[in-house]
Colleague: 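Mind having a look at this structure? Questions to follow.
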2 protein chains.
Amino acid sequence: MTDKATVAPESRQERKERTRRAILDAALDQLAETGFGALSLRQLTKAAGIVPTAFYRHFATLDELGLTLVDESFVTLRGLIREVRSGDPAPETLIDRSVDVLAVQLEEHKAHFRFIGRERHGGSAALRGAIRHELDLFERELVTDLARMPELERWGAADLHVLASLFVDLMVAAAAEIVSPSAEQAAVRRELVDNLRNQARMIVVGAAGWEPLGG
Amino acid sequence: MTDKATVAPESRQERKERTRRAILDAALDQLAETGFGALSLRQLTKAAGIVPTAFYRHFATLDELGLTLVDESFVTLRGLIREVRSGDPAPETLIDRSVDVLAVQLEEHKAHFRFIGRERHGGSAALRGAIRHELDLFERELVTDLARMPELERWGAADLHVLASLFVDLMVAAAAEIVSPSAEQAAVRRELVDNLRNQARMIVVGAAGWEPLGG
DNA sequence: AGTTTGAGTGAACGACTGTGCACTCAAACA
DNA sequence: TGTTTGAGTGCACAGTCGTTCACTCAAACT
């Protein structure tokens, strides 16, 4: 065996992509402890295994890194609803499955949800704006999903907006809480998930008895 | 008229308190644009009109400043529920009044609510812990208030927790959104307040139809 | 085989960070 | 009236910060 066999043959593109991922991962890692505004390019690049200046080969500025993380995080979020949507659409099982899927995804993409939860209100104006925009899109998707449900046939856009925003607000708040470092213990996390499930149920009861807004 | 008449006679304590307030106000001001982790002691003290080292006459560390702001902010929050509680306890008018009071308080103590909203998930571990603790206390107070309502007589502790946490989560999320710099326009803010009102109503409908959890 | 490309390097920049220490000087106290 | 106290000052310190620039050197193309 020559050395060639053990060393991974890497194209220029592959290597660049690998470094880029290393930067993104290092950022997500560092953002678990500090806000984006307190992010240090030097610590970041050191953790990624490159020299500070090499960062600029991948991103024009730190803000661009942040926006990329927003995009990436919402790809994760969309994967979540796609998974929920691919199952049984019966309202009875929908909540439980949604919460279960969320719990699993929170575990697998902890850093993404933590990032959104942290920077949603904590970040710079640009970051908050980007997250706000993505969440609006997300809510709109949820509205069209809800509009398809026969139970909500008589609802207007305003009613659907109330319910959808309720779900989104609740989910983001719960997600941020659950992935928080203070909820490391499985028992604490389980209790938070259980509470989220009950909250969602109570909202569904409210939706069932809701008298559509006039207008 | 001598100069004595125009210069406020200030005791040593008064002067210290005034400087302390200047520091706290400068911090709240600066925290509208950056997270607490990115707070600069030098900019802070410059805005407060003192030299950097003078800060340490008032706080042992920046973290202590943060904890003081948490305390202060929750004093504001308690003032809010006290005002709500002092009015008509009839459930029909309670929501509207609560939301109205919140809207007014958000305007008057914008910085406090912005601080809580930002650092709840965004801050350092110490800050998050302190806010988490205060919010827990706040929720517990809400639970005892709810427990007194005749409509919820049959509810257990778990049910009350679900409802109370729903209200608290919703209020904090909405407050953070409403005081956000991106909601500067009155029309946007009004729409957010209206949506909060409807969300609260939907939750109340859910509570009315809620079947208490077995246990 | 020769040339071009571009990710990563390393030194240097000016500015900014939190904090320690010796100081002033007016208010508070004896 | 003399002494003590302590909020605020000014300098200095050792770091860290983001960003620039000219560079290397291997992969990719001609």
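Chain naming here is simple, since letters A, B, ... match the order of the sequence lines and numbering starts at 1 in each.
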Colleague: Do A:T76 and A:H112 pair up side chain to side chain, a donor and an acceptor below 3.5 Å, judged on atom types alone?
Modeller: yes

Colleague: Should A:E134 and A:S73 count as side-chain neighbours, where that means a heavy-atom distance under 4.5 Å?
Modeller: no

Colleague: What's the CZ-C1' distance between A:R57 and D:dA22, to the nearest Å?
Modeller: 11 Å

Colleague: Shoot me the first and last contacting nucleotide of DNA chain C against chain B, ordered 5' to 3', at under 4.0 angstrom to non-hydrogen atoms.
Modeller: C:dT17 to C:dA28

Colleague: We want to know whether A:E177 and B:H121 form a side-chain donor-acceptor pair, criterion being a heavy-atom distance below 3.5 angstrom.
Modeller: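 Side-chain D/A pair, A:E177 to B:H121: present.
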
Colleague: Please check if any side-chain donor atom of A:Q199 sits under 3.5 Å from a side-chain acceptor atom of B:S165, or the reverse.
Modeller: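 Looking only at side-chain atoms, B:S165 and A:Q199 do form a donor-acceptor pair, the distance falling under 3.5 Å.
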
Colleague: With sequence neighbours excluded, tell me which residues meet side-chain hydrogen bond (donor to acceptor under 3.5 Å, both in side chains) with A:S182.
Modeller: A:S180

Colleague: Near A:E191 CD, under 6.0 Å, is it more than 12 heavy atoms from other residues, nucleotides or ligands?
Modeller: no

Colleague: Quick one: CG on B:L135 to CZ on B:R128, what's the gap to the nearest 0.5 Å?
Modeller: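 So the gap between those two atoms works out to 13.5 Å.
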
Colleague: Step through the shown structure and confirm whether more than 12 heavy atoms of other residues, nucleotides or ligands are within 6.0 Å of CZ on B:R21.
Modeller: yes

Colleague: What nitrogen or oxygen pairs link the protein and nucleotides 15-20 of chain D at under 3.5 Å?
Modeller:
from   : atom 1 : to    : atom 2 : distance (Å)
D:dC17 : OP1    : A:S40 : OG     : 2.5
D:dC17 : OP1    : A:Q43 : NE2    : 3.2
D:dG18 : OP1    : A:L39 : O      : 3.4
D:dG18 : OP1    : A:L41 : N      : 2.7
D:dG18 : OP2    : A:L41 : N      : 3.1
D:dG18 : OP2    : A:R42 : N      : 3.3
D:dG18 : N7     : A:R42 : NH1    : 2.3
D:dG18 : O6     : A:R42 : NH1    : 2.9
D:dT19 : OP2    : A:Y56 : OH     : 2.3
D:dT19 : O5'    : A:Y56 : OH     : 3.2

